[in-house]
Number of protein chains: 2
Amino acid sequence: MVSSTKGRYALRVLIDIAENSHGEYIAMKDVAARQEISLKYMEKIMPVLVSHDLVESSHGKGGGYRLSHDPSEYRVGEILRLTEGDIAPVACLQTDAAECGRNAYCRTLPMWTELNRRISEYLDSVTIADLMQAPDMKQPPVTE
Amino acid sequence: MVSSTKGRYALRVLIDIAENSHGEYIAMKDVAARQEISLKYMEKIMPVLVSHDLVESSHGKGGGYRLSHDPSEYRVGEILRLTEGDIAPVACLQTDAAECGRNAYCRTLPMWTELNRRISEYLDSVTIADLMQAPDMKQPPVTE
DNA sequence: TATTCTACCTACCAAAGTGGTAGGTTAATT
DNA sequence: AATTAACCTACCACTTTGGTAGGTAGAATA
């Protein structure tokens, strides 16, 4: 699996902030309701985005999160790498992977490397701006 | 992770059979030694390949496995789908996935769908024949 | 100053998946 | 009959996933 809920939720939250906060801070309570994601679970994902300066936070009333940059500057691959740790399709290509020892004569390594390259290339070609509300898309219902 | 050891081992075993058995049955003991894979673990993977007619087996002395078809007829995507169950990069695209309910307004679904398409397209474009020993490749050492 | 709202931090946890091991049974060959 | 090798079933330790619970810290407002 390239992406677990962690990375996917992070993406959806960023898109939600991009669409609904207009430069203002937006409370996670609202995002969680719209995205139907557990608030508590989201709270575990957000600090990662803060520490890498993807979003800025403010405590207290009227606080919440807002984007640090323009939506067009957020590459999906980058977001997934931060939240998932790695997006390599196989264990032996992960950045923390131990040397296999069989690399010199591994028949499949070149294929995995090429697959990895194609996945990264595609995910890095898509930005948050690309994923924002298309004209023909409905807004999600606000379920309280 | 698109592929766990199950799928990767299946691939390596099929390539090993393609390279080393020449139409003859080949014992898993030998493949396991060359590929440095636990024989017992391999034994759990092989029956899947038999039941889908990728390989044929024979019991007893001089028995083992051999390919049912020409190496060029084995697509990597097909092998991974059999052994992994699914190669979708995200849970909501798996064949057994429950309807999300948010699909109509999910901003990320089209991207995941396209990523899934690209992964499948690439993996289905590679065959076992493509992965067999290149001229500049060493044979793995036979570790007893 | 007290209250309220919100981010943030820590600990815990159930379920599923991963990557095996162990031991025995069946079938084919010598 | 003995040997060899596939095959079947059960078990298991470890990690990841996807959370929940409860409390703390900081900022705004009344």
Side-chain angles (χ1 to χ4, degrees), chain A residues 1-10 12-13 17 21 24-33 35-52 54-66 80 83-92 94 96-98, chain B residues 1-10 12-13 17 21 24-33 35-52 54-66 80 83-92 94 96-98:
Chain A
M1 195 82 65
V2 167
S3 173
S4 67
T5 54
K6 228 172 198 168
R8 297 206 305 280
Y9 286 0
R12 283 169 50 188
V13 168
I17 296 175
S21 108
E24 303 296 309
Y25 288 113
I26 184 175
M28 291 314 275
K29 190 183 50 169
D30 301 337
V31 179
Q35 296 296 323
E36 293 174 280
I37 298 173
S38 147
L39 176 62
K40 281 293 186 183
Y41 190 43
M42 272 179 49
E43 285 182 338
K44 280 209 332 198
I45 299 172
M46 299 310 294
V48 184
L49 304 182
V50 174
S51 67
H52 288 89
L54 297 192
V55 295
E56 292 162 357
S57 68
S58 168
H59 287 215
K61 212 167 203 170
Y65 295 93
R66 67 181 179 200
L80 294 181
T83 50
E84 300 285 346
D86 215 309
I87 55 174
V90 293
C92 56
Q94 283 172 355
D96 63 341
Chain B
M1 196 82 67
V2 167
S3 175
S4 65
T5 53
K6 229 171 197 169
R8 297 206 306 280
Y9 286 0
R12 283 168 51 187
V13 168
I17 297 174
S21 108
E24 303 296 309
Y25 288 112
I26 183 175
M28 290 314 276
K29 190 183 48 170
D30 301 336
V31 178
Q35 296 296 322
E36 293 173 280
I37 298 173
S38 146
L39 177 61
K40 282 293 188 183
Y41 190 43
M42 272 179 49
E43 285 182 341
K44 279 209 330 199
I45 299 171
M46 299 310 293
V48 184
L49 304 182
V50 174
S51 67
H52 288 89
L54 297 192
V55 295
E56 292 164 357
S57 68
S58 169
H59 287 216
K61 210 167 203 170
Y65 296 92
R66 66 181 179 198
L80 293 181
T83 50
E84 300 286 346
D86 216 310
I87 54 174
V90 292
C92 57
Q94 284 173 353
D96 62 342

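Nothing here was measured: the structure is a model prediction, and the numbers come from that model.
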Could you give the side-chain donor-acceptor pairs of residues 58-65 of chain B under 3.5 Å, partners two or more places apart or in another chain?
none

Quick one: is D:dT20 close enough that its OP1 or OP2 comes under 4.0 Å of any side-chain N or O from A:Ser38? yes
Find the distance B:Leu39:CG to D:dT4:C1' and express it as a whole number of Å. 12 Å
Under the salt bridge (Lys or Arg N to Asp or Glu O under 4.0 Å) test, residues paired with B:Arg12 that sit two or more places apart: none
Hey, does the side chain of A:Lys29 come within less than 4.0 Å of C:dT6's phosphate (OP1/OP2), counting only N and O? yes
Got a sec, which residues hit side chain to side chain donor-acceptor pair (under 3.5 Å) with B:Asp30, two or more places apart in sequence or on another chain? none
Does either side chain, that of A:Thr5 or that of A:Tyr41, offer a donor lying less than 3.5 Å from an acceptor on the other one? yes
Taking only nitrogen or oxygen atoms into account, show me every contact under 3.5 Å that the protein makes with nucleotides 15-18 of chain D, one pair per line with its distance.
| unit_1 | atom_1 | unit_2 | atom_2 | d |
| --- | --- | --- | --- | --- |
| D:dG18 | OP2 | A:Thr5 | N | 3.0 |
| D:dG18 | OP2 | A:Thr5 | OG1 | 2.8 |
| D:dG18 | O5' | A:Thr5 | OG1 | 3.3 |

Step by step, would you call A:Ser4 with A:Tyr9 a side-chain hydrogen bond (donor to acceptor under 3.5 Å, both in side chains)? CA-CA 9 Å; A:Ser4 67; A:Tyr9 286 0; over 6 Å; no
Grab the two heavy atoms, one from A:Arg66 and one from A:Ile17, that are nearest each other, plus how far apart they are. CA-CG2, 4.1 Å
What is the distance, to the nearest angstrom, from the CD atom on A:Glu56 to the C1' atom on C:dT6? 16 Å
Check the distance between C:dT21's P and B:Ile37's CD1 and give it to me in whole angstrom. 12 Å
Can you measure from CE (A:Met42) to CG (A:Leu49) and round to the nearest 0.5 angstrom? 9.5 Å
Taking the side chain as every heavy atom from C-beta outward, state whether B:Ile45 and B:Val13 have any pair of such atoms under 4.5 Å apart. no
Which residues pass the side chain to side chain donor-acceptor pair (under 3.5 Å) test with B:Gln94, not counting sequence neighbours? none
Sequence-aligned protein contact record of nucleotides 23-30 of chain C, with B where the base is within under 4.0 Å of a protein heavy atom and S where only the sugar-phosphate is: BB-BBBSS
How would you label the contact of A:Met28 with the nucleic acid (heavy atoms, under 4.0 Å): base, sugar-phosphate, or nothing? sugar-phosphate
Checking all strands, does B:Tyr25 fall into the base, sugar-phosphate, or nothing category for heavy-atom contacts under 4.0 angstrom? nothing
Rounded off to whole Å, could you give me the CE-to-C1' distance for the A:Met42 and D:dT20 pair? 16 Å
